[in-house]
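I have placed the structure first, in the form of structure tokens, so that the comments after it can refer back to it.
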Amino acid sequence: MPENVPDPPVDADLAVSHGVDVVSIARIADLLAEFGDSFRDRVFTPDEQAYCESQGTPQQHYAARWAAKEAFLKSLSDPSPSVPTAAIEIERRADGPRLSLAPAAADALAATLDERGVSPEAADTAVSLSHDLTAGYAVGSVTVVSTASRHD
Amino acid sequence: MPENVPDPPVDADLAVSHGVDVVSIARIADLLAEFGDSFRDRVFTPDEQAYCESQGTPQQHYAARWAAKEAFLKSLSDPSPSVPTAAIEIERRADGPRLSLAPAAADALAATLDERGVSPEAADTAVSLSHDLTAGYAVGSVTVVSTASRHD
Amino acid sequence: MPENVPDPPVDADLAVSHGVDVVSIARIADLLAEFGDSFRDRVFTPDEQAYCESQGTPQQHYAARWAAKEAFLKSLSDPSPSVPTAAIEIERRADGPRLSLAPAAADALAATLDERGVSPEAADTAVSLSHDLTAGYAVGSVTVVSTASRHD
């Protein structure tokens with residue numbers, strides 16, 4: 001038997017999950033004004049806060065991150081309040097924003113994927129955010145695609 | 001020849017379709033005020049109506065469902081007006097919203113997938129909705145991913 | 001050995017990238033009023049302009065296309081300003097909007113995919129746009145899914 005005999009063929013089952021969230025920038029500005037650092041620290045990581053505070057109008061950047069975190073939670077099959085919002089970081093990278101998940105959030109995503117027979121390595125996640133100060137709102141969107149390999 | 005001889009290997013072609021829709025909550029509130037039950041019954045299923053009416057501000061929940069239904073229609077390759085809006089139900093489930101399609105809508109999705117050589121079983125669909133009463137709008141988003149199996 | 005001996009089995013790695021953008025219709029209307037044709041020609045193709053100008057309220061159609069172009073740029077791993085906006089056309093087709101990419105934009109997408117070991121042929125792209133004149137904003141969304149074939 002040749003060494004490179006094929007494994008059983010793989011037939012890919014695809015799965016997609018998706019979350020979108022819109023938020024009024026004014027609503028986030030009100031929360032920032034009313035609760036200040038206690039709100040900031042509960043919802044945003046130090047890196048996120050440093051970035052938002054470095055901007056001319058921090059509230060719209062906070063709002064976009066809030067929306068993206070909500071969108072991530074919506075992409076979970078169990079949108080449990082047990083995932084602290086600050087466990088979901090929107091990391092700024094040269095090639096665009098990425099989700100950087102602390103263990104509580106990563107475990108929740110792994111549990112969602114596990115229900116579908118998918119390992120976290122077989123999934124890919126994209127996040128996008130947008131804000132428009134004139135219109136007064138921000139949007140976050142998260143898409144997760146994965147294959148559940150079915151060996152016949 | 002062994003019984004478990006592999007089938008020809010499968011090489012997956014991926015396809016994605018996607019729809020997003022934004023709608024002013026005030027516009028839906030106006031339609032509800034002007035047309036009442038005739039609008040409700042034409043656009044929303046009994047379960048959707050029961051949920052929306054049980055909420056403090058029904059119009060924003062109706063608006064989010066309207067947007068999600070429009071997003072589904074945009075994900076079809078033939079966004080035919082022959083699909084009654086009430087055939088697209090946004091079902092509330094413990095693991096988040098799901099599209100529950102009556103035959104007219106399911107057939108339209110199957111026709112879109114068939115054009116790409118995909119069976120409905122090889123596709124997965126995700127829906128997400130969001131509303132912000134302060135900002136005054138709702139958003140719905142639908143993503144469909146599928147594999148078109150190519151046997152070499 | 002039979003002729004139809006399978007190739008090595010293919011195990012699909014999935015990748016997704018995604019961009020969403022929201023824009024105030026008033027902001028685009030202001031740019032149109034202030035810069036007129038120089039703005040139109042820099043950002044929109046002749047076909048896009050012809051379509052938008054044929055509509056009752058061109059500004060909302062320009063705004064939706066602006067948002068969709070921004071969403072495409074966000075889906076790239078290198079959202080380089082070197083891609084002229086007019087190189088990304090939102091083509092109107094019977095089966096919905098499609099991205100029609102001039103070489104500068106197609107090359108940028110190919111470069112993004114290449115970083116992931118994906119050929120452009122193995123990727124599929126979807127675009128969706130929406131606008132609501134009452135709410136005053138437009139949204140564009142782009143999703144790219146691809147397989148990176150891994151031969152074991």
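The chains referred to below are lettered A, B, ... by the order of the sequence lines, with proteins before strands, and numbering in each begins at 1.
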Taking the side chain as every heavy atom from C-beta outward, state whether C:Thr143 and C:Thr125 have any atom pair closer than 4.5 Å. no

Can you tell which part of C:Val22 gets under 4.5 Å to a heavy atom of chain B, answering side chain, backbone, both or neither? neither

Is there a donor-acceptor pair closer than 3.5 Å between any side-chain N or O of B:Asp21 and the backbone N or O of B:Glu70? no

Heavy-atom distance under 4.5 Å between the side chains of B:Tyr62 and B:Ile28, does that happen here? yes

Between C:Thr134, C:Val144, C:Asp124, C:Val139, who has the most heavy-atom pairs with chain B when the cutoff is under 4.5 Å? C:Asp124

With a 4.5 angstrom heavy-atom cut-off, could you sort out which part of C:Leu129 is near chain B: side chain, backbone, both or neither? backbone

At a heavy-atom separation under 4.5 Å, does B:Val145 approach chain C through its side chain, its backbone, both, or neither? side chain

Check whether the ring centres of B:Tyr51 and B:His61 lie less than 6.0 Å apart, and answer yes or no. yes

